[in-house]
K.L.:
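Take this structure, written in C-alpha cells, and hold onto it; I'll ask about it next.
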Amino acid sequence: MASASAAPMPMPTVAVAARRRLAQPPPLGALPPGSEGAPFIIPSKKAPKFAFPDIGHLAKWSVSSFKFGFGPECLTDDDPETFWHSSSSDGPQPHFITIEFPRKVSVQKLSIQLCYPLDDSYTPANMCIRAGTGPVDMQDLRIVSLEKPDGWVTFDACMEPSEDGEGFKHIDIYVIQILIMNNHMNGKDTHVRGVKVLGPRERKLKAYEEPFAFVAAPFKMYECIR
C-alpha cells in the first residue's frame, strides 16, 4: 500500500531575506561597531585625556576653504563651541584638512570631534585618511564611515596589523590629510569641532635594557676606552 507523501514545508521567506541581507558585504571602511579597527566614539565635549601623546602642536594646519572666523585655528583651540566651517563657494567638495610636520613623525591615531545633533547635514559621513612625505605623494590609508556621530571619533591611522599582533602599526609621515568625502544628507559644507593627532605610546623597556640614555657630555666622554 503506497503511503501518501508528506506535503513540503513552506520556506521561511523572512529568514531567507534576512540571510540575504546579512550576506551583503559592508561598504568599504564601514567596519561594524566594536570590531577591531573600527572607530570608537568618546561622548565628551571637552577633549579627553588620551594614553597617547598629542603631537598636533608640532604641525602647520591648513584647510581647503573656510568662512571668516571659522578657520583652521578652531580645530586646535580645545573649545567645543567653535568649529571649522568650510566654504563651498571658495572651494568645491571634497573639503579637507592638511596637517604638515617640519620633520618625520610617527602617528598612531586620530581623534576628530563631531556633533551631529548640532551640525546636522554639516556633519561628515565618510572620511578618507591620506598621508605621505609631501602633498604630491600622499596615499590613501583608510576610509572611515560614520552614522550620526556625537563626540570624539577615535581610530588608528593605519589598518596594517603590528608585528606583535597587538593593535595596528603606526605610520612615519611628514604630512597627513583628512578628506571629507561627503556629509550626512549630502550637505555641501562641513563642520569639524576639533582634531587630535596622537603618536604611539612609548615602548616599555625590557628587563635587560638600559632605562636611561647616556647622551650628556660628561657620560659621552667616558663611553669608550682609549
K.L.:
Under a 3.5 Å threshold, yes or no: a donor from one side chain and an acceptor from the other, between Q108 and D156?
P.N.:
yes
K.L.:
Check the side chains of T133 and D137 for a donor-acceptor pair under 3.5 angstrom, ignoring hydrogens and angles.
P.N.:
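Short answer, yes.
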K.L.:
Considering non-hydrogen atoms only, spot the tightest contact between K109 and T154 and give its length.
P.N.:
CD-CG2, 4.3 Å
K.L.:
Do D172 and K104 pass the salt bridge (Lys or Arg N to Asp or Glu O under 4.0 Å) test, and can you show the C-alpha distance, the side-chain angles, and the key distance before you say yes or no?
P.N.:
CA-CA 6 Å; D172 297 320; K104 184 186 290 186; 6.0 Å; no
K.L.:
Are I42 and L198 linked, directly or through intermediate hydrophobic residues, by side-chain heavy-atom contacts shorter than 4.5 Å (ILVMFWY only)?
P.N.:
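Same cluster: L198 reaches I42 through Ile, Leu, Val, Met, Phe, Trp or Tyr contacts under 4.5 Å.
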K.L.:
Let me check something: do I171 and I178 share a hydrophobic cluster, defined by ILVMFWY side-chain heavy atoms less than 4.5 Å apart, either directly or through other members?
P.N.:
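Yes; tracing contacts between hydrophobic side chains, which count when under 4.5 Å, links both residues.
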K.L.:
Give the cluster check for L146 versus L179: same hydrophobic cluster or not, with ILVMFWY residues linked at side-chain heavy-atom distances below 4.5 Å.
P.N.:
no
K.L.:
Taking all atoms of both residues into account, what is the closest heavy-atom pair of S88 and D189, and its distance?
P.N.:
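In terms of heavy atoms, the two residues are closest at N-OD1, 2.7 Å.
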K.L.:
In terms of heavy-atom contacts, does OH of Y116 have more than 12 from other residues, nucleotides or ligands at under 6.0 Å?
P.N.:
yes
K.L.:
Supply the atom-to-atom distance K148 NZ to M185 CE, rounded to the nearest 0.5 angstrom.
P.N.:
7.5 Å
K.L.:
Identify the heavy atoms of C74 and G69 that sit nearest to each other, and give their distance.
P.N.:
SG-O, 3.9 Å
K.L.:
If you compare all heavy atoms of K45 against all heavy atoms of P80, which two are closest, and at what distance to 0.1 Å?
P.N.:
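Taking K45 first and P80 second, the nearest heavy atoms are O-CB, 3.5 Å.
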K.L.:
I need the minimum non-hydrogen distance between S106 and I55, along with the two atoms involved.
P.N.:
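Heavy-atom minimum between the residues: O-CD1, 3.5 Å.
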K.L.:
How many angstroms lie between atom CD1 of I180 and atom CD1 of I97, to the nearest 0.5 angstrom?
P.N.:
5.5 Å
K.L.:
Donor-acceptor pair, H170 side chain versus V107 backbone, under 3.5 Å?
P.N.:
no
K.L.:
Using the rule given for side-chain contact (heavy atoms from CB on, under 4.5 Å), can you reason through W84 versus E73, listing the C-alpha separation, both sets of side-chain angles and the distance that settles it, and then say yes or no?
P.N.:
CA-CA 8 Å; W84 164 55; E73 67 278 358; over 6 Å; no
K.L.:
Quick one: NZ on K196 to CD on Q113, what's the gap to the nearest 0.5 Å?
P.N.:
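So the gap between those two atoms works out to 9.5 Å.
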K.L.:
In sequence, state the C-alpha distance, the side-chain angles, and the governing distance for N183 and S121, and then conclude on side chain to side chain donor-acceptor pair (under 3.5 Å).
P.N.:
CA-CA 6 Å; N183 299 316; S121 62; over 6 Å; no
K.L.:
Just verifying a value: how many Å separate L58 CG and E100 CD, rounded to the nearest 0.5 Å?
P.N.:
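Going from CG on L58 over to CD on E100, the span is 14.0 Å.
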K.L.:
Measure centre to centre between the rings of F66 and H85, then say whether the value is under 6.0 Å.
P.N.:
no
K.L.:
If hydrophobic residues (ILVMFWY) are linked whenever their side-chain heavy atoms come closer than 4.5 Å, directly or via other members, who joins L118 in its cluster?
P.N.:
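Taking Ile, Leu, Val, Met, Phe, Trp and Tyr as members, L118 stands alone, with no cluster partners.
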K.L.:
From N126 CG over to N182 CG, what is the distance, rounded to the nearest 0.5 angstrom?
P.N.:
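Reported value, rounded in 0.5 Å steps: 4.5 Å.
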K.L.:
Are side-chain N/O atoms of S65 and S87 paired as donor and acceptor at under 3.5 Å?
P.N.:
no
K.L.:
Considering only heavy atoms from C-beta outward, does the side chain of L75 approach that of V63 to under 4.5 Å?
P.N.:
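The answer is yes, as the side chains (C-beta and beyond) meet within the 4.5 Å cut-off.
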K.L.:
Apply side-chain contact (heavy atoms from CB on, under 4.5 Å) to the pair F155 and V144, showing each step before the final yes or no.
P.N.:
CA-CA 9 Å; F155 52 89; V144 179; 3.8 Å; yes
K.L.:
With respect to P124, which candidate in L114, D119, V153 satisfies the side chain to side chain contact (heavy atoms under 4.5 Å, CB included) definition?
P.N.:
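Testing each of L114, D119, V153 against P124, the sole residue satisfying side chain to side chain contact (heavy atoms under 4.5 Å, CB included) is L114.
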K.L.:
Drop me the distance from C128's SG to I143's CD1, to the nearest 0.5 angstrom.
P.N.:
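Interatomic distance, C128 SG to I143 CD1, rounded to 0.5 Å: 5.0 Å.
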K.L.:
Can the ring centres of F70 and H191 be said to be less than 6.0 Å apart?
P.N.:
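No: the rings miss the under 6.0 Å criterion.
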K.L.:
Any carboxylate oxygen within less than 4.0 angstrom of a Lys/Arg side-chain nitrogen, looking at R193 and D79?
P.N.:
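No, this pair does not count.
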K.L.:
Minimum heavy-atom separation for M138 and G132, please, with both atom names.
P.N.:
CG-N, 3.9 Å
K.L.:
Do you reckon W61 sits in the same ILVMFWY cluster as I176, going by side-chain contacts under 4.5 Å, direct or chained?
P.N.:
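W61 and I176: one cluster.
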K.L.:
With a 4.5 Å heavy-atom cut-off, do I173 and V105 have their side chains touching?
P.N.:
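Yes, at least one pair of side-chain atoms sits under 4.5 Å.
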K.L.:
State plainly whether one hydrophobic cluster holds both V175 and F96, where clusters connect Ile, Leu, Val, Met, Phe, Trp and Tyr through side-chain heavy atoms under 4.5 angstrom apart.
P.N.:
no
K.L.:
For the residue pair W152 and F50, categorise the inter-ring angle as parallel (less than 30°), tilted (30 to 60°) or perpendicular (more than 60°).
P.N.:
perpendicular
